[in-house]
Engineer: 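The following block contains the structure, expressed as structure tokens.
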Amino acid sequence: MENDTAGCPVSGQLWTRRTTASVAEQVHCLYGIDICDRTVSRLLREHGYALRVNHKSIASCNPARRDGQFAMIAVLRARGERNNIPMISVDTKKKELVGRFSNAGAKWGRTPEKVNDHDFRSHADGIAVPYGIYDLHANAGSFYVGCSHDTPQFAVECIAQWWHGEGRLRYPDATEIVILADSGGSNGCRPRAWKYFLQHVLANRFNLQVTVAHYPAGASKYNPIEHRLFSEVSKHWAGVPLESFEIILRYLKTTTTRTGLSVSATLVEDEYEKGIKISQPQMKSLNLEYSNTIPQWNYSIKPQMLNDTMSADTG
């Protein structure tokens with residue numbers, strides 16, 4: 001084992017590149033002793049050897065950019081709290097098959113729930129796409145449960161619907177909204193359609209400046225919506241088969257916490273087309289201003305003009 005052993009000089013922890021099967025075979029060849037893999041494993045542990053696992057420690061982006069982005073988001077949040085600028089954290093929660101399918105977690109009950117033995121898409125009554133919006137100031141969440149595809153247009157129209165029904169009532173004097181989002185998905189930093197629809201569906205329609213900051217790749221769990229809203233929903237419906245859209249909406253609406261979280265939920269039955277392409281001329285027409293600090297993840301979209309039909313559109 002000497003030539004196949006490595007270790008830590010500080011802790012004394014040892015490891016080897018050889019498998020237990022190859023060690024057992026070598027013992028048999030050299031000493032004529034038959035020994036099983038499990039015995040080899042036990043003996044290795046007794047002599048200070050340990051199994052090694054993969055460590056997720058290689059950042060997917062430059063550490064300086066990552067730290068810089070967190071600092072940028074901290075500045076935005078501090079400004080928003082100081083000036084009462086509406087700030088929302090957005091993302092799509094895990095899509096759910098609608099039907100008697102197994103749902104992670106456990107719940108109290110006299111008997112276990114009987115569900116399908118396989119999670120086949122063909123057996124589902126549909127797929128629920130829960131797009132979430134978390135208002136950082138109000139500690140309030142809103143879900144717009146789609147029945148179609150999770151697209152940038154869907155994401156922006158959910159935000160617009162939230163602003164029309166809730167946001168502008170909480171912040172009647174607001175001229176700007178700050179959006180915190182992941183760097184991937186329907187509200188990611190790459191899709192052109194995300195920026196295009198923010199301009200036309202949100203900024204222009206409501207005469208709002210839209211400031212967006214994306215969390216670095218691999219850092220989505222720092223997005224407030226993940227640990228302040230999504231986690232509470234997952235705990236609330238743990239072990240409950242999501243048999244219908246009505247059940248999904250009911251569990252979303254009844255999610256609460258001791259700190260006063262309130263949640264609303266709306267079903268969105270519109271169809272959304274995948275793969276909408278936004279041309280370069282269309283992008284150049286946007287009133288889009290990138291930040292000097294990591295422009296890939298930070299930008300603002302200003303309204304191009306006050307829509308004359310806004311009053312009719314928004315009531």
Side-chain angles (χ1 to χ4, degrees), residues 58-92 133-137 152-153 155-156 158-160 162-163 167-168 171 173-228 276-307:
I58 302 175
S60 56
C61 65
N62 184 292
R65 282 165 53 86
R66 180 186 173 97
D67 293 344
Q69 183 62 6
F70 276 108
M72 179 70 175
I73 291 173
V75 169
L76 272 178
R77 293 184 64 171
R79 181 173 70 91
E81 291 171 4
R82 186 170 59 250
N83 299 322
N84 196 36
I85 300 171
M87 293 189 297
I88 59 174
S89 170
V90 302
D91 196 13
T92 304
I133 300 171
Y134 177 73
D135 185 335
L136 276 70
H137 293 321
Q153 182 182 7
V156 174
C158 289
I159 296 172
W162 172 83
W163 181 256
R168 66 177 184 160
Y171 311 98
D173 300 322
T175 58
E176 179 186 6
I177 184 173
V178 175
I179 299 176
L180 305 179
D182 291 350
S183 58
S186 60
N187 47 220
C189 60
R190 292 181 180 274
R192 290 180 173 184
W194 161 251
K195 299 180 180 71
Y196 179 84
F197 286 110
L198 281 178
Q199 176 77 77
H200 293 281
V201 177
L202 191 61
N204 290 357
R205 180 183 176 192
F206 297 104
N207 199 33
L208 275 175
Q209 174 175 316
V210 181
T211 300
V212 183
H214 294 275
Y215 281 87
S220 63
K221 295 304 178 185
Y222 290 92
N223 197 346
I225 196 170
E226 290 283 349
H227 49 86
R228 294 190 185 180
I276 293 178
K277 303 296 183 182
I278 305 300
S279 67
Q280 189 63 26
Q282 286 177 308
M283 286 299 296
K284 288 183 177 180
S285 72
L286 303 184
N287 196 0
L288 174 62
E289 181 179 328
Y290 288 97
S291 170
N292 293 327
T293 304
I294 317 180
Q296 176 188 359
W297 293 331
N298 303 287
Y299 49 87
S300 293
I301 298 175
K302 298 179 181 179
Q304 293 168 318
M305 64 178 195
L306 181 62
N307 193 337

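Along the sequence shown, residues are numbered consecutively beginning with 1.
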Engineer: Is Phe70 close to Tyr215 at the side-chain level, that is, under 4.5 Å between some pair of heavy atoms?
Structural biologist: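 Yes, close enough: below the 4.5 Å cut-off.
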Engineer: Work out which heavy atom in Ala213 is nearest to a heavy atom in Asn298; give both atom names and the distance.
Structural biologist: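 Heavy-atom minimum between the residues: CB-OD1, 3.5 Å.
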Engineer: Give the minimum heavy-atom separation between Tyr134 and Pro224, together with the two atoms involved.
Structural biologist: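 What the structure gives for the nearest pair is CD2-CB, 4.5 Å.
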Engineer: First locate atom CZ of Arg168, then atom CD1 of Ile177, and finally report the distance between them rounded to the nearest 0.5 Å.
Structural biologist: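 The CZ atom of Arg168 sits 13.0 Å away from the CD1 atom of Ile177.
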Engineer: With side chains defined as the heavy atoms from C-beta onward, is the minimum distance between Trp162 and Asp135 less than 4.5 Å?
Structural biologist: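 Contact flag for Trp162/Asp135 side chains = yes.
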Engineer: Roughly how far apart are Asn207 CG and Thr175 OG1, rounded to 0.5 Å?
Structural biologist: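 Answer rounded to 0.5 Å: 8.5 Å.
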Engineer: Rounded to the nearest 0.5 Å, how far does OH of Tyr196 lie from CD1 of Ile276?
Structural biologist: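 Here the rounded value is 9.5 Å.
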Engineer: Looking at every non-hydrogen atom in both residues, tell me the closest pair between Gln282 and Ile278 and how far apart they are.
Structural biologist: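 So the minimum-distance heavy-atom pair works out to OE1-CA, 3.4 Å.
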Engineer: Sequence neighbours excluded, which residues qualify as side chain to side chain donor-acceptor pair (under 3.5 Å) partners of Asp91?
Structural biologist: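 Side chain to side chain donor-acceptor pair (under 3.5 Å) check on Asp91 returns nothing, list empty.
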Engineer: Do Phe197 and Leu202 come close enough that some side-chain heavy atom pair is under 4.5 Å?
Structural biologist: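 No - every pair of side-chain heavy atoms lies 4.5 Å or more apart.
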Engineer: Which atom pair, heavy atoms only, marks the closest approach of Ser279 to Arg192?
Structural biologist: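 Looking at all heavy atoms of both residues, the closest pair is C-NH1, 3.6 Å.
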Engineer: Do Lys195 and Ile301 have side-chain heavy atoms sitting under 4.5 Å apart?
Structural biologist: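 Side chain of Lys195 against side chain of Ile301, heavy atoms only: contact under 4.5 Å found.
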Engineer: Here's a test for you: under side-chain contact (heavy atoms from CB on, under 4.5 Å), which of Val212, Leu136, Val90, Asn187 qualifies with Leu180?
Structural biologist: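 Result: among Val212, Leu136, Val90, Asn187, Leu136 is the only option passing the side-chain contact (heavy atoms from CB on, under 4.5 Å) with Leu180.
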Engineer: Working to the nearest 0.5 angstrom, can you tell me the gap between Ile88 CD1 and Ile179 CD1?
Structural biologist: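 Nearest 0.5 Å value for the CD1-CD1 distance: 4.5 Å.
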Engineer: Would you say the ring centroid of Tyr299 lies under 6.0 angstrom from that of His214?
Structural biologist: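 For Tyr299 and His214, the ring centres are under 6.0 Å apart.
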Engineer: Identify the two heavy atoms, one from Gly68 and one from Ile294, that lie closest to each other, and give their separation to 0.1 Å.
Structural biologist: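 Scanning both residues completely, I find the closest heavy atoms to be C-CD1, 4.0 Å.
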Engineer: Please examine the side chains of Arg205 and Trp163, heavy atoms only from C-beta on, and report whether any two atoms are closer than 4.5 Å.
Structural biologist: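 No, every pair of side-chain atoms sits at 4.5 Å or beyond.
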Engineer: Any salt bridge (charged side-chain N to carboxylate O under 4.0 Å, His left out) involving residues 209-228? Give me the pairs, sequence neighbours left out, ordered by first then second residue.
Structural biologist: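 Output for this query lists Lys221-Glu226.
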Engineer: In Å, rounded to the nearest 0.5 Å, how long is the span from OH of Tyr222 to CZ of Arg66?
Structural biologist: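 Answer rounded to 0.5 Å: 5.5 Å.
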Engineer: Among pairs that include at least one residue of residues 276-292, which meet salt bridge (charged side-chain N to carboxylate O under 4.0 Å, His left out), considering only residues two or more places apart or in two chains?
Structural biologist: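 Passing the test, one end in residues 276-292: Glu289-Lys302.
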Engineer: Would one find more than 12 heavy atoms of other residues, nucleotides or ligands at under 6.0 Å from atom CZ of Arg190?
Structural biologist: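 No, CZ of Arg190 has 12 or fewer neighbouring heavy atoms, counting only those of other groups under 6.0 Å.
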Engineer: Rounded to the nearest 0.5 Å, how far apart are CG of Asn287 and CG of Leu198?
Structural biologist: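 It is 13.0 Å, given to the nearest 0.5 Å.
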Engineer: Is a side-chain donor or acceptor of His137 paired with a backbone partner of Ile85 at a separation under 3.5 angstrom?
Structural biologist: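 Between the backbone of Ile85 and the side chain of His137 there is a qualifying donor-acceptor contact (under 3.5 Å).
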Engineer: State, to 0.1 Å, how close Pro303 and Ala203 come at their nearest heavy-atom pair, and which atoms those are.
Structural biologist: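 Shortest heavy-atom separation between Pro303 and Ala203 comes out as CB-O, 3.4 Å.
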